Structures are given as C-alpha cells and as structure tokens.
Amino acid sequence: MEFKDHVCELLNTIDACQVFFDITVNFDLTKNYLDLVVTYTTLMMLLSRIEERKAIIGLYNYAHEMTHGSSDREYPRLGQMIVDYENPLKRMMEEFVPHGKSLSDALISLQMVYPRRNLSADQWRNAQLLSLISAPSTMLNPAQSDTMPCEYLSLDTMEKWIVFGFILCHGALNSDPAALSLWKLALQSSSCLCLFRDEVFHIHKAAEDLFVNLRGYNKRVNDIRECKESALSHAGSMHRERRKFLRSALKELATVLADQPGLLGPKALFVFMALSFARDEIIWLLRHADNIQKKSTDDFIDKHIAELIFYMEELRAHVRKYGPVMQRYYVQYLSGFDAVVLNELVQNLSVCPEDESIIMSSFVNTMTSLSVKQVEDGEVFDFRGMRLDWFRLQAYTSVSKASLGIADHRELGKMMNTIIFHTKMVDSLVEMLVETSDLSIFWTRIGARAFEKMFQQCLELPSQSRYSISFPLLCTHFMSCTHELCPEERHHIGDRSLSLCNMFLDEMAKQARNLITDICTEQCTLSDQLLPKHCAKTISQAVNKKSKKQTGKKGEPEREKPGVESMRKNRLLVTNLDKLHTALSELCFSINYVPNMVVWEHTFTPREYLTSHLEIRFTKSIVGMTMYNQTTQEIAKPSELLTSVRAYMTVLQSVENYVQIDITRVFNNVLLQQTQHLDSHGEPTITSLYTNWYLETLLRQVSNGHIAYFPAMKAFVNLPTENELTFNAEEYSDISEMRSLSELLGPYGMKFLSESLMWHISSQVAELKKLVVENVEVLTQMRTSFDKPEQMVALFKKLTSVDSVLKRMTIIGVILSFRSLAQEALRDVLSCHIPFLVSSVEDFKDHIPRETDMKVAMNVYELSSAAGLPCEIDPALVVALSSQKSGHCNNIHCLAKAINQIAAALFTIHKGSIEDRLKEFLALASSSLLKIGQETDKTTTRNRESVYLLLDMIVQESPFLTMDLLESCFPYVLLRNAYHAVYKQSVSASA
C-alpha cells in the first residue's frame, strides 16, 4: 500500500509540474519514469496472479490482531485494493487517464530509438553494424552517437515500455500515428513479455481482451490480430537471422579486440552494443521457446546458441582484462575533450541560474582534475556523485517553469549523456557488463528448462562443443539476480549455480574422457596388429608361396598389413580416428579456455575435472586390459598388456597438445597405485592380479607336475600330460615376459610379488620344521655319527617322511627359481632405466666388508634385492622366515637353490655362522653319498648319480662353499662319472 501511495503521489507531482520527457535528451529521467510505470504495472499484475491472496491478507490481519490487540489500520484499504485490482490492467487503464499526456510523450520519444534497434539482420548486414574493419581509415576514431546511452538500451525493456505504456494510455494509439507505429512494431516482434523471472505476459491476447470492449477500438483490435499473425509467422525467422548475424559480428569483434586491445578505448560503445543486442536475442528465444504456439519449431531451436554466448563471454573477458586500458583512454577523453566542450556549452548559455551553474561548474572541475597518473597509481575512481548531480539537474531543467529548460538546450543534454557514458567507462565497467550482458535468466524456471537442453545439444554437435565452456561461465551471472531486499534466496541461487557449474564441467570432462578412451581403443588395436604373434600367418604364407603350396580356401581375403590405415587416396577420406581427434580438439579447446572461474566465492578449475576423469578411466582401463577371468584363470600376457599400456599412454601424452594438464602426474598417480596390492578405491590392481595368477595358477601347476623349470631356457615349460593346460607356461615366464612384468609392476610391485612368494616358502618351511621336530633325536645322532657308516645306515632307516621333505624342498626350490627369474628381469629393466643408480647399488653390495655387522649388511642386501641384484643372503626370505618364531621333469634340480637360500636365511636368523654350518652339511652329505657308493642294493643306489650331481649344484649355487672344499671331501672323479652316466641315460630315454 505504501508503495502504491508513493507511486501515485509521484505520478501526480510529475503531471502537475508538466515534466518534459525525451529519452534522447534527459535519458535518466525518462528511463526511470518509464521503469517506474512498468514496475508498478508488473507488481499489480503479479499480485492479481496470487490465487490465495485474499486468504493470505486475512491471515496476516488475524496475526496482527493477535499480536497487537487490534487490526492493521491499512487492512480495509488493502482489502479494497485486492478487490479493485482483480483485473489489474483494466483498473489501471482508468487510473492512468490523468497521466496519459506525460506517459505518451515519454513513449513517443522512443520513435528515434526503438525502430532503429528493431531492424532485420539484412539491414544490420548492409549497414555493417558492429564492424571495426569495414572502414579501416576510421578504426581509431571514437564511436560517437547523439544518443549514446540509447544505443545499448535493452530491446526487451523498450518493448515492455511500449506495450504496457500504450495499454495504459491507449488514447494515444487513436490520435498519434507515431504511437500507433511503435505499438504495432512491438506487437510484431514479440508474442510474450517476461513480468518477473518465470511469469510471462501474453501480449496479443491480453491487449485484445482489453480493447474489444472499448468503443471505437475495432481497428486497434484488428491491428492486434494482424500483428499476432505476423509475429507467429515472421518473428521467429527474423530473430533467428539476427542471431546468425550476431554470431559472425561478435566473432569478428572479439578477434580484432584480442589482437588489438587498444581499440577497446575508442570502440567501447560497439562492445556494449554487441553485448546488449546478443543478450536481447537470447532472452527473446528463451521467452518464446516454451510459451507460444509455433508455426515453425526450427526457428525456436538454436543449436548454435552456445557460440553466441561464447563470444559474449569473450567480449566480457576482454573488458575485464583490459579495464585499465579503457580507464586510461577515457580519463584523457574526459579531461582533454569533454571538459572543454561542456565548458563552452555552459559559457554560451543565455540563462543559467545559480544552482544549475554550480552543478555544471563542478562537472567541468571534476573532469579537468583527472590525469593518467591516477590510473597508473591504481587510484579508485567514483563518479556516482557526478551522475547523481546530473540526474538532479535533469529534474530541475525538465519542469515547465524552469528558467533553464533542457527542452530548449538539447545539445547540453546530449553532451551530458555522452559524458556520463564516458564516466562509466572509468569507474563502472563491471556494472555496465551486468547491465548489457547479464543472463541470470537462465537460473529461473524459464531458463533452466532450456539451459541443460542447450548444453546437451552443444556437446552432441562436434562443431559446437568448443563453445561448451560458455555454460559454466554463465553460472557466474546467477548471483547478479539476487537483491538485498530478499537475502534469503541468496543461498538457494548460489547452491543452484554451484551445482550447475559442477555438472557442466563434469559432463564436459566425461565427454572428453570418452573420446580419449575411444582413441586409445583404436590405437591399442593398431598396436596389437604389430605384435609378433600376428606375423606367423604372414611368414607361413611366404613359406608356402616359396614352396608353391596352396593352403586355405580359394578367394580367401588377404589380411591387411599394419599401416594400411595411413594410406589415403585423397584428403577427403575421413576415418573414424580423424573424427575422434577433431571432436577431442574442439572439446579440449573449451576445457582449456579458462584456467579457473569463480562462482559464488567458489573456484572451479575445468582442467582438474579432466585430469580426475582420466586418472579413473586409465586405472580401470589398465586393469581391464589384463582380461583376467577368475573362472577360467585366463590373463593377458605381460608383453601384450605392456604394449597396450604404452599405446594408451602415447594417446594420453598427446592430450597435452590440446589441454595444459600435467599428464605425467596422471601417470605417476595411476601407475604407482598399480604397483600396490590395492588402489586408492580399494580395487585390485595389476600387481595383485598377476601375483595371484603366477602363484595360484602357474606355480601350482608346477607343483602338480604339469610344468617344469628349465634353467637353460630360463623359463617354465609345459610337460606332455593327459589334461592339456589352457595356457602355455613359456609364454608367461620366459625372459621377455618377465621383463614386461617388471616394467608393468615396477620395483614396488615386484617386491610385493617377492613377499607373496616368500610367504608360500615360509609356509613350507613351517611344515619342514614340524618334520624336523618329529625326527630331532635321530638327526642329532646322525650329526655326531656321520663318520660311522653302519650307524648312519641304521639311523637313516629310522627317519620318517623323507619323501615329504624332498617334495617340500622341491616346491621351495621352484618358487625360488621363479623369483630368480623375476629378480633378473627386474635388474635388466632397471639397468635400462636407471643404469647409474643400479651400478652404484651393485658396487656398494660387492664391496661390503665381510666383518660388517649383520644388521647393516641386511640393509644393503635389501637395497640390492629391490634393484633385482642377487644377494648372498635373501633379505625377503629372512623376513618371511623370521616371522615364524612362533630342469628336470620332477624339478629336483631346484633343491640346490632351496637348500642354499633356506640355510642362509635360517642361520642368519639364529645368529649362526653360515659358512661353518654349510661346511658341516657338506661333510655329512659327502659322507652319506660315499657310503651309498659302497652299497649293492638296487633300491638304495637308485638315482645315485643324480644325487651326486645335486651335491655339485648345491656347491655351485652357494656363495659360501667352494669346489676346492668339495674335492677335499668328495672325489671329483665320481662327479665326472655321474655326469657321463646321466647323459647316457637321457640319450637312451629320448631314443
């Protein structure tokens, strides 16, 4: 009620003073007057749309009475107003009869502005609107206009003034052709207007309903119907062509200003005109897309809207970035030109009252005192007082009885309007950007429906995906639609802007990730074609061709050779990989466009979204490429996985050409996690998968007798059995595969593999300890009776579970042999990657003194073992066994490694002399074997020669025993004869 009373009082005062209104002269006064009328009208219309308004004010009055003991004294008037304004426009048409003269004068002054703004795209194109390069000779001339603030005045705002204004003072439509022309032009351009956020006003229907009951308005009703038909038929295509023109115009403007930012000074008006024009077209599209019946839906679906928004954001960025350039230019303009011209105009005034003279003199003095040094010193400018004084001066000089009437001094008004624009270029650039290019309407229900749909269309169209960053950037606009009178919605709008920005950036990163994944898949397929296994068919065909053998069916298509995809007959041939790279480069341009953006005091970094998604996808892809099948126990060969990973990494490295991200960080994060048992998400890694496979599948089959270790080949090989294995052991355990495994798992992963192997060994040693405990008395007697052959034979027969000891020691030897292969492969890989560091570690290990404390020596051995170097004492085995303080087809040759490694580890734990204990073991073993040589029983002498060779292998494997020591207690001639006998036996067996 208070607002209504104040508005009515102000309107009556304006009529009484017979205020002069002309948008081209007293711009601020006329604009604020028309805004007041439209705001008042809009408020009354919104009030009438509240369905429960009567109940609400009744409840309010009841609450007031309960609180204060009496009714609100304004309640009767408020209730009457609610009743009177059931049909607000009809009531206000009557209410505005006294104000018709002032309102119609203000509206008719738009005839110099609105028609010039509401032109077709062809007319804009012919006039080369917004072009800086159409006239190169005038490029440095400042953009001038007699109606400077009208040039970037919102078309949407003017249409609201005209539609609502002429509905309220409809008499002017019958009496003034200029008024009728403006009215019809506005009705042909739009079908609906936005009252406030989601609320829209359907122009033609409302106007027709109001005028149809007025006498003498039949022509106006016919005009409305004609305009409605015209708007439905032609407005959509007209605005579509405008948007098409503005896309190219803004692109040209942004490109030129990016190259020559100094032009922002003289051509600032062009920038704000371009922003205002584009904003009007976007708002018009949003308003009409869902609110009217369309004859052609194509005119209201713009798949290129992102491009227009993008160039708007680019212009906004130029203004923010080069604000000091514009300040410097306009400070000099104000002090060197505007102050001089205004001073001359003031001097030439025939009549100038004292108050007006003081105000204008202060304008001149303010501008004259400006200097470039203030800009260089970073001084904050504030011309709000000057602009407010000009507003007051407009009010003084626009009343009918003013001594100095602005109607008679139009040049003064136009000059001051230009000066006010120049002052805004110095101290209000941010406010100017909000005024001309704010798109916070996308937050509202009208905009939100289209916002996400436009974004999806943008991503789906490859040529538009480079502009997708404009949608997250629009989220920075949302907070400008908040108002200090409604602070409670600030958090709601802020949260909405954050969630939308996050969603857009996440979707962009996902789209880029998917494109990169598709490219990686293609590249992995191409790399797979180069694997050695695929050349077998080519070699076979070549051999058959040479021997003139015909194999295969006739007409069988010849297999394409790798590299054929790079052969092109012409440049027009586009492959799927080309399309993917093009789409990726377009999208990455968008992700890389800004390093970060601030939305409601939160900083978003688009590149980090991509980095995060690439890490997650790379992790999943590496694990997926192992093709591990738990049911069938199938897994990819390490060399093939390594080839695929390298192809994947090559593609990811190429992403750095598109986006400024640290792809090395991605590699480090992902590949280091793959060297651990589980990744950061608790998922299994390639380290755990390969460790489990080698332990549970390959080595288990060795224990079952299906696979044997061949030292000469340095690989495990399948043995002919009834049940053929589903995999070829050699293809997973030869030196090249183990090197590939070392490349993939790295030192950390290989250490985990070793620890897992040692755990299995420790479990076997635990069982061996149980067997030793069972036979401890017999073993003690044998230790002291090794020089008494008869007693040794008797004691030997008392031993139990001898075969079990042999089997378990063989298993330990197999595991150690596999670990030896892995360690050797790791050493080879590290020698290639870090040769100087490996050589330093090796040198350190080789020159450690014998008398060094065992703890220090173990540290050195642990370092050496981590580099894949062989050590006298295996530190991993020591650790595994210390935690227990509580080839030939039968793999018997692995016993030598098992005995040496187990002995070294156990005697290290129990603080014994390894060398002395092994010498004692050699004496016992040689004595027993010499006794066997004297036996005649076939059962006792079975495999005697093989056991002799085993003793030789133990000495050769041991770093603590020497051949001289062996010869001192066991004749070498026996070894020589044993080698000869075993060889003859193997030859006869193979024959």
Side-chain angles (χ1 to χ4, degrees), residues 246-259 261 278 302-321 439 451-452 454-476 500-520 522-523 574-599 603-614 617 650-663 665-666:
L246 286 171
R247 284 198 299 271
S248 60
L250 264 67
K251 180 180 181 180
E252 177 192 304
L253 190 60
T255 304
V256 173
L257 292 176
D259 186 60
D302 192 346
K303 294 182 179 179
H304 299 84
I305 195 73
E307 185 176 355
L308 184 58
I309 298 171
F310 175 82
Y311 290 125
M312 286 181 68
E313 289 296 330
E314 195 159 10
L315 288 176
R316 285 167 59 94
H318 288 333
V319 172
R320 285 192 294 265
K321 181 177 181 180
L439 287 172
F451 201 24
E452 295 180 31
M454 288 175 176
F455 176 71
Q456 291 301 328
Q457 288 177 344
C458 178
L459 285 185
E460 290 168 5
L461 201 63
S463 63
Q464 289 296 299
S465 59
R466 70 184 289 119
Y467 308 116
S468 55
I469 191 64
S470 54
F471 291 93
L473 288 172
L474 275 185
C475 296
T476 63
L500 279 174
C501 186
N502 180 66
M503 184 198 74
F504 291 147
L505 291 174
D506 197 53
E507 284 297 320
M508 289 165 62
K510 283 180 182 177
Q511 184 82 351
R513 176 204 66 191
N514 292 339
L515 289 169
I516 292 169
T517 303
D518 291 342
I519 294 172
C520 288
E522 294 269 355
Q523 289 293 350
V574 179
T575 64
N576 184 49
L577 206 54
D578 294 334
K579 294 176 182 176
L580 291 172
H581 276 291
T582 302
L584 179 62
S585 63
E586 294 293 298
L587 188 55
C588 286
F589 170 85
S590 192
I591 294 172
N592 199 48
Y593 181 68
V594 289
N596 51 60
M597 60 183 75
V598 179
V599 179
T603 301
F604 290 85
T605 306
R607 297 167 194 165
E608 286 301 314
Y609 280 81
L610 179 59
T611 301
S612 174
H613 278 288
L614 287 180
R617 177 54 63 89
T650 302
V651 174
L652 290 180
Q653 280 180 312
S654 70
V655 175
E656 287 186 328
N657 298 328
Y658 305 119
V659 189
Q660 291 178 4
I661 60 174
D662 185 6
I663 208 69
R665 193 184 82 187
V666 175

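By convention here, the first residue in the shown sequence is residue 1. Here the structure is a predicted model, which means the values were calculated and not measured.
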Colleague: Please report, to 0.1 Å, the donor-acceptor pairs under 3.5 Å made by any side chain of residues 250-258, with sequence neighbours excluded.
Modeller:
from : atom 1 : to   : atom 2 : distance (Å)
E252 : OE2    : S131 : OG     : 2.9
T255 : OG1    : K251 : O      : 2.7

Colleague: As an exercise, state the distance from CG of L315 to CZ of F310, rounded to the nearest 0.5 Å.
Modeller: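 The CZ atom of F310 is 10.5 Å from CG of L315, to the nearest 0.5 Å.
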
Colleague: Looking only at non-hydrogen atoms, find the nearest pair between P606 and I469 and report the distance.
Modeller: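 Shortest heavy-atom contact: CG-CD1, 4.2 Å.
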
Colleague: Taking the side chain as C-beta and beyond, is there a heavy-atom pair between F471 and M454 under 4.5 Å?
Modeller: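 F471 vs M454: side chains touch.
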
Colleague: Let me confirm one number: the CG-CG distance from L614 to L652, rounded to the nearest 0.5 Å.
Modeller: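 The distance works out to 6.0 Å.
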
Colleague: List the residues meeting side chain to side chain contact (heavy atoms under 4.5 Å, CB included) with D518, not counting sequence neighbours, and say none if there are none.
Modeller: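 Counting only residues at least two positions away or on another chain, D518 forms a side chain to side chain contact (heavy atoms under 4.5 Å, CB included) with L580.
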
Colleague: Out of curiosity, I519 CD1 to T650 OG1, how far, rounded to the nearest 0.5 Å?
Modeller: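 Rounded to the nearest 0.5 Å, the CD1-OG1 separation comes out at 12.5 Å.
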
Colleague: How long is the span from the CG atom in L246 to the CE atom in M312, to the nearest 0.5 Å?
Modeller: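 If I round to the nearest 0.5 Å, the distance is 9.5 Å.
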
Colleague: Return yes if some donor-acceptor pair links the side-chain N/O of T476 with the main-chain N/O of L473 below 3.5 Å, else return no.
Modeller: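 At least one qualifying donor-acceptor pair exists.
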
Colleague: For N576, enumerate each residue passing the side-chain hydrogen bond (donor to acceptor under 3.5 Å, both in side chains) test, keeping only those at least two apart in sequence or located in another chain.
Modeller: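 N576 satisfies side-chain hydrogen bond (donor to acceptor under 3.5 Å, both in side chains) with E522 only.
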
Colleague: Measuring only between side-chain heavy atoms, which start at C-beta, is C501 closer than 4.5 Å to M597?
Modeller: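 They are in contact (side-chain heavy atoms under 4.5 Å apart), so the answer is yes.
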
Colleague: Give me the atom names and distance for the closest heavy-atom approach of S463 to R466.
Modeller: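 Between these two residues, the closest heavy atoms are O-CG, 4.1 Å.
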
Colleague: Q457: what forms a side-chain hydrogen bond (donor to acceptor under 3.5 Å, both in side chains) with it, not counting sequence neighbours?
Modeller: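 Not a single residue meets the side-chain hydrogen bond (donor to acceptor under 3.5 Å, both in side chains) criterion with Q457.
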
Colleague: Shortest non-hydrogen contact from S590 to S465?
Modeller: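 What the structure gives for the nearest pair is CB-O, 3.6 Å.
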
Colleague: Do L474 and E313 pass the side chain to side chain contact (heavy atoms under 4.5 Å, CB included) test, and can you show the C-alpha distance, the side-chain angles, and the key distance before you say yes or no?
Modeller: CA-CA 8 Å; L474 275 185; E313 289 296 330; 3.9 Å; yes

Colleague: What are the two closest heavy atoms between C588 and Y658, and how far apart are they?
Modeller: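 C588 and Y658 have their closest heavy atoms at CB-CB, 3.4 Å.
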
Colleague: Can you sort out the partners of S470 under side-chain hydrogen bond (donor to acceptor under 3.5 Å, both in side chains), two or more places apart, ordered by chain and number?
Modeller: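 side-chain hydrogen bond (donor to acceptor under 3.5 Å, both in side chains) list for S470, sorted by chain: empty.
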
Colleague: For S612 and E608, indicate whether the former's side chain and the latter's backbone hold a donor-acceptor pair under 3.5 Å.
Modeller: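 Between the backbone of E608 and the side chain of S612 there is no qualifying donor-acceptor contact (under 3.5 Å).
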
Colleague: With F604, which residues qualify under ring-ring contact (aromatic ring centres under 6.0 Å, His included), at least two apart?
Modeller: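 Here no residue qualifies.
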
Colleague: If I take atom CZ from residue R247 and atom CG from residue D302, how far apart are they, to the nearest 0.5 angstrom?
Modeller: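 Nearest 0.5 Å value for the CZ-CG distance: 5.5 Å.
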
Colleague: Between V574 and K579, what is the shortest heavy-atom contact and its length?
Modeller: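 The pair with the smallest heavy-atom distance is CG1-CG, 3.7 Å.
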
Colleague: Can you tell me which residue among P472, S468, C458 is in a side-chain contact (heavy atoms from CB on, under 4.5 Å) with F504?
Modeller: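 With F504 as partner, P472, S468, C458 yield a single side-chain contact (heavy atoms from CB on, under 4.5 Å), made by P472.
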
Colleague: Side chains of N514 and T517: any donor to acceptor distance under 3.5 Å?
Modeller: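 Note: T517 and N514 side chains miss the donor-acceptor criterion.
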
Colleague: Any side-chain heavy atom of Q660 sitting closer than 4.5 Å to one from R607?
Modeller: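 Yes. Closest side-chain heavy atoms under 4.5 Å.
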
Colleague: State the CD-CZ distance between E460 and F455, to the nearest 0.5 angstrom.
Modeller: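 The CD atom of E460 sits 10.5 Å away from the CZ atom of F455.
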
Colleague: So which atom in Q511 and which in L459 form the shortest heavy-atom distance, rounded to 0.1 Å?
Modeller: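 Residues Q511 and L459, closest heavy atoms: NE2-O, 3.6 Å.
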
Colleague: Show your reasoning for whether side chain to side chain contact (heavy atoms under 4.5 Å, CB included) applies to M508 and L610.
Modeller: CA-CA 8 Å; M508 289 165 62; L610 179 59; over 6 Å; no

Colleague: How about Q653: does its CD atom have over 12 heavy atoms from other parts shown lying under 6.0 Å from it?
Modeller: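 Yes, CD of Q653 has more than 12 neighbouring heavy atoms, counting only those of other groups under 6.0 Å.
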
Colleague: Can you check whether L577 reaches Q523 side chain to side chain, under 4.5 Å on heavy atoms?
Modeller: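 Side chain of L577 against side chain of Q523, heavy atoms only: contact under 4.5 Å found.
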
